[in-house]
Amino acid sequence: MHSPGRARWIAHLDMDAFYASVELLRYPELRGRPVVIGGRRAHQPEELPDGSRRFARLRDYAGRGVVTTATYPARAYGVHSGMGLMKAAQLAPDAVLLPADFDAYRRMSRQFKAAVAEVAPVIEDRGIDEIYIDLSDLPGVQDPVGHDPLGGLRAVAQEIRNNVRAATGLTCSIGVTPNKLLSKIASDLDKPDGLTLLTLDDLPARIWPLPVRRINGIGPKAGAKLEALGIRSIGELAQREPAWLIERFGRSYGQWLYEASHGIDERPVVTHSEPVSISRETTFERDLHAVRDRAQLSAIFTRLAQQVADDLQRKGYLSRTIGIKLRFEDFRTVTRDLTVDQPTADAVQIRRAAGLCLKRVDFTRRLRLLGIRAGSLSRADAPASTATRRPARGKAATAAPGNPLPTQPELPLFDTPA
DNA sequence: TCTGGGGTCCTAGGACCC
DNA sequence: TCTGGGGTCCTAGGACCC
């Protein structure tokens, strides 16, 4: 933990094109070529008799997959993560397409994080390919080197990069600043294989010219709204009075926008956290109808419940709130959930609760996605805590007491096992 | 030829309790 | 009997992130 009275220095480390780079270690002959990772049913490379490999091309893909990652040569064609593969194929038809191998990425993720921990152990996990690191209390960080007041700090950041490279063969980009918000922006300023160290004095020159969307927490909606208000850069945002922003974005978000634009962020590096929910979902190859495709949906529903139950058991959690997620052909998304009396990790119980949720949905439109979620988690090994739970009233499955949930007229749905 | 799968956090209204 | 304020639980939706 950071001790008070000394300068706080936080690093954000982001692996460069992580999934794609892991694949390039495996298939070095693809280095320098446009490569896209994505799609569930993308073809595995074919081993030819002469020992070489034949790779699937983006142009041969058909389906609903999206780009998970693209190499920098592929990005040069305008391909980026989240883009539909069919659209990416128009931009770069000759790019190589590889299926995602998440087990391999998770293994490499553990390796790079262990390499960082050898140098700097105070780490916050932010997913498979990025972390925050609190450098404040490491030896040498607060010391100048030669004429450079931040020389010790820079040396530690460089040592982290070297260690990651040595352990994995992969490059990363690091931003080092007084807080998480600025470090996240900074790690992106010299990508790939970059190291960017900023102080608050650098804010006007290095941060303010950037578009507001570079702030972690300003997404498509807030970005568009700011644009409509004539605010494109972080500097333009910083010129606005807090009251002006609060009027237009609400008390909480408006205040946060003001602080973010001024580089203010006191959030600590959090080294441990418990999961809030565990879920599984799937998008179908074609849209399915609740009645006409009942058998198929029922089988998928059962499988999702089983997967969620397996995940809960493997990780050692029980859930008290079971929910479903549906996406219709028009891309509208609805969720329903239900708090059950007994916390569970049992596939049959989960499926039953999720089935009750289904009855509260209108199935006029066809479905493109189905998901099951388990929330209100507790540790399976913890003593059952009934203390915080009010006694259930009325029927076994009520929502708020006395608040019967609306249900649709009975339809032969897929809420019973196939 | 549109738009994956896994998450977190916030807001908001109604019920209920004190 | 009416009014009412604070706090918590439950549910639904949405923004955002990796």
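Proteins come first, then strands; the chains are lettered A, B, ... in the order of their sequence lines, and each starts at number 1.
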- prompt: Mind checking whether A:Ser173 and A:Leu13 have side chains closer than 4.5 Å, heavy atoms only?
  reply: no

message: OP1 or OP2 of B:dC10 versus the side-chain N and O atoms of A:Lys221: is any pair under 4.0 Å?
response: no

task: Kindly say if A:Thr283 contacts the phosphate of B:dG5, meaning a side-chain N or O under 4.0 Å from OP1 or OP2.
output: yes

- prompt: What residues, two or more places apart in sequence or in another chain, satisfy side chain to side chain donor-acceptor pair (under 3.5 Å) together with A:Arg379?
  reply: A:Tyr317

message: Can you identify which nucleotide, out of C:dC18, B:dG4, C:dT11, has its nearest atom closest to the A:Arg360 side chain?
response: C:dT11

query: Base, sugar-phosphate alone, or nothing: which one does A:Thr282 contact when heavy atoms must sit under 4.0 Å apart?
result: sugar-phosphate

- request: For A:Leu203, enumerate each residue passing the side-chain contact (heavy atoms from CB on, under 4.5 Å) test, keeping only those at least two apart in sequence or located in another chain.
  value: A:Leu182, A:Ile207, A:Trp208

query: Between A:Arg320 and A:Asp341, is there a side-chain N and carboxylate O pair less than 4.0 Å apart?
result: no

query: Within the pair A:Arg336 and C:dA12, is there a side-chain N or O less than 4.0 Å away from OP1 or OP2?
result: yes

- line: Taken in chain and number order and not counting sequence neighbours, the residues that satisfy side-chain contact (heavy atoms from CB on, under 4.5 Å) with A:Gln158 are A:Arg161, A:Asn162, A:Leu195

message: Using OP1 and OP2 only, check whether a side-chain N or O of A:Thr335 sits under 4.0 Å from C:dG13.
response: yes

message: My understanding is that only residues two or more places apart in sequence, or in another chain, count here; which of them pass ring pair (Phe, Tyr, Trp, His ring centres under 6.0 Å) with A:Trp256?
response: A:Tyr253

message: Does A:Ala222 reach a base, just sugar-phosphate, or nothing at all? Heavy atoms under 4.0 Å.
response: sugar-phosphate

message: If you apply the rule side-chain contact (heavy atoms from CB on, under 4.5 Å), what do you find for A:Lys325 with A:Ile372, and how did you get there?
response: CA-CA 6 Å; A:Lys325 172 177 168 181; A:Ile372 297 182; over 6 Å; no

message: Considering every strand and a 4.0 Å limit on heavy-atom distances, what is the contact class for A:Val67: base, sugar-phosphate, or nothing?
response: nothing

task: Using atom types as modelled and distance alone, determine if a side-chain donor or acceptor of A:Arg373 lies under 3.5 Å from a backbone N or O of A:Arg280.
output: no

query: Which listed nucleotide (B:dG7, C:dC16, C:dC18) is nearest to the side chain of A:Asp129?
result: C:dC18

- prompt: Taking atom C1' in both B:dC16 and C:dG4, what distance in whole Å separates the two?
  reply: 15 Å

field: Sorted by number, the residues of residues 235-267 of chain A with heavy-atom contact under 4.0 Å to DNA chain C
entry: none

- prompt: Residues in ring pair (Phe, Tyr, Trp, His ring centres under 6.0 Å) with A:Phe102, at least two apart?
  reply: A:Tyr19, A:Tyr105

Mind listing the side-chain donor-acceptor pairs of residues 260-270 of chain A below 3.5 Å, one per line with the distance, residues two or more places apart or on another chain?
unit_1	atom_1	unit_2	atom_2	d
A:Ser261	OG	A:Leu257	O	3.4
A:Ser261	OG	A:Tyr258	O	2.7
A:His262	NE2	A:Ala238	O	3.0
A:Asp265	OD1	A:Arg267	N	3.2
A:Asp265	OD1	A:Arg267	NE	2.9
A:Asp265	OD2	A:Leu181	N	2.9
A:Asp265	OD2	A:Arg267	NE	3.2
A:Asp265	OD2	A:Arg267	NH2	2.9

message: Please convert DNA chain B into dot-bracket. A pair counts if it is Watson-Crick or G-U wobble with both distances under 3.5 Å; crossing pairs go in [ ] and bases paired with another strand get |.
response: ....||||||||||||||

message: Quick one, A:Leu170 with A:Leu25, criterion side-chain contact (heavy atoms from CB on, under 4.5 Å). Give me CA distance, side-chain angles, the key distance, then yes/no.
response: CA-CA 9 Å; A:Leu170 301 175; A:Leu25 291 178; 3.7 Å; yes

query: Rounding to a whole Å, what distance do you find between A:Leu98:CG and B:dG4:P?
result: 20 Å

query: Which nucleotide sits closest to the side chain of A:Phe331: C:dC16, B:dG4, C:dT11?
result: B:dG4

field: Earlier contact from the 5' end, DNA chain B, for A:Lys87 and A:Thr68
entry: A:Lys87

task: For A:Ile215, answer base if it contacts any base atom (sugar-phosphate contacts may also be present), sugar-phosphate if it contacts only those atoms, and nothing otherwise; contact means non-hydrogen atoms under 4.0 Å.
output: sugar-phosphate

message: Please list, in numerical order, the residues of residues 368-379 of chain A that have a heavy atom closer than 4.0 Å to any atom of DNA chain B.
response: A:Arg368, A:Leu369

Where the chi angle of B:dC2 falls, syn if within 90° of 0 and anti if not: syn

message: If the condition is side-chain contact (heavy atoms from CB on, under 4.5 Å), which residues does A:Arg365 pass it with, not counting sequence neighbours?
response: A:Phe328, A:Glu329, A:Asp330, A:Arg332

query: Just checking A:Gly84: base, sugar-phosphate only, or nothing, at a heavy-atom cut-off of under 4.0 Å?
result: nothing

Distance, rounded to the nearest Å, where A:Leu338 contributes CG and C:dC10 contributes P: 11 Å

Within-4.5 Å side-chain heavy-atom neighbours: A:Ile185 and A:Leu210: yes

- prompt: Whole Å only: how far is the CZ atom of A:Phe102 from the P atom of C:dC18?
  reply: 15 Å

field: Residues which pass side-chain contact (heavy atoms from CB on, under 4.5 Å) with A:Thr196, listed by chain and number, not counting sequence neighbours
entry: A:Ala186, A:Leu189, A:Asp190, A:Leu198, A:Arg206

query: Is there a residue in residues 272-281 of chain A whose heavy atoms reach under 4.0 Å of DNA chain C, and which residues are they?
result: none

Closest to side chain of A:Thr339, choosing from B:dG7, C:dT11, C:dC16: C:dT11

query: Could you state the OH-P distance from A:Tyr132 to B:dT8, rounded to the nearest angstrom?
result: 16 Å

Nearest-angstrom distance from the residue atom CZ of A:Arg213 to P of C:dA15: 13 Å

field: First of A:Met86 and A:Gln307 reached from the 5' end of DNA chain B, by closest nucleotide
entry: A:Met86

message: Under 4.0 Å between a side-chain nitrogen and a carboxylate oxygen: does that hold for A:Lys180 and A:Glu124?
response: yes

query: Could you walk me through whether A:Ile215 and A:Lys184 pass the side-chain contact (heavy atoms from CB on, under 4.5 Å) check?
result: CA-CA 8 Å; A:Ile215 293 175; A:Lys184 171 79 176 168; over 6 Å; no

message: Base, sugar-phosphate or nothing for A:Lys184? Non-hydrogen atoms, less than 4.0 Å.
response: sugar-phosphate

- prompt: What is the distance from CZ of A:Arg303 to P of B:dG5, rounded to the nearest Å?
  reply: 10 Å

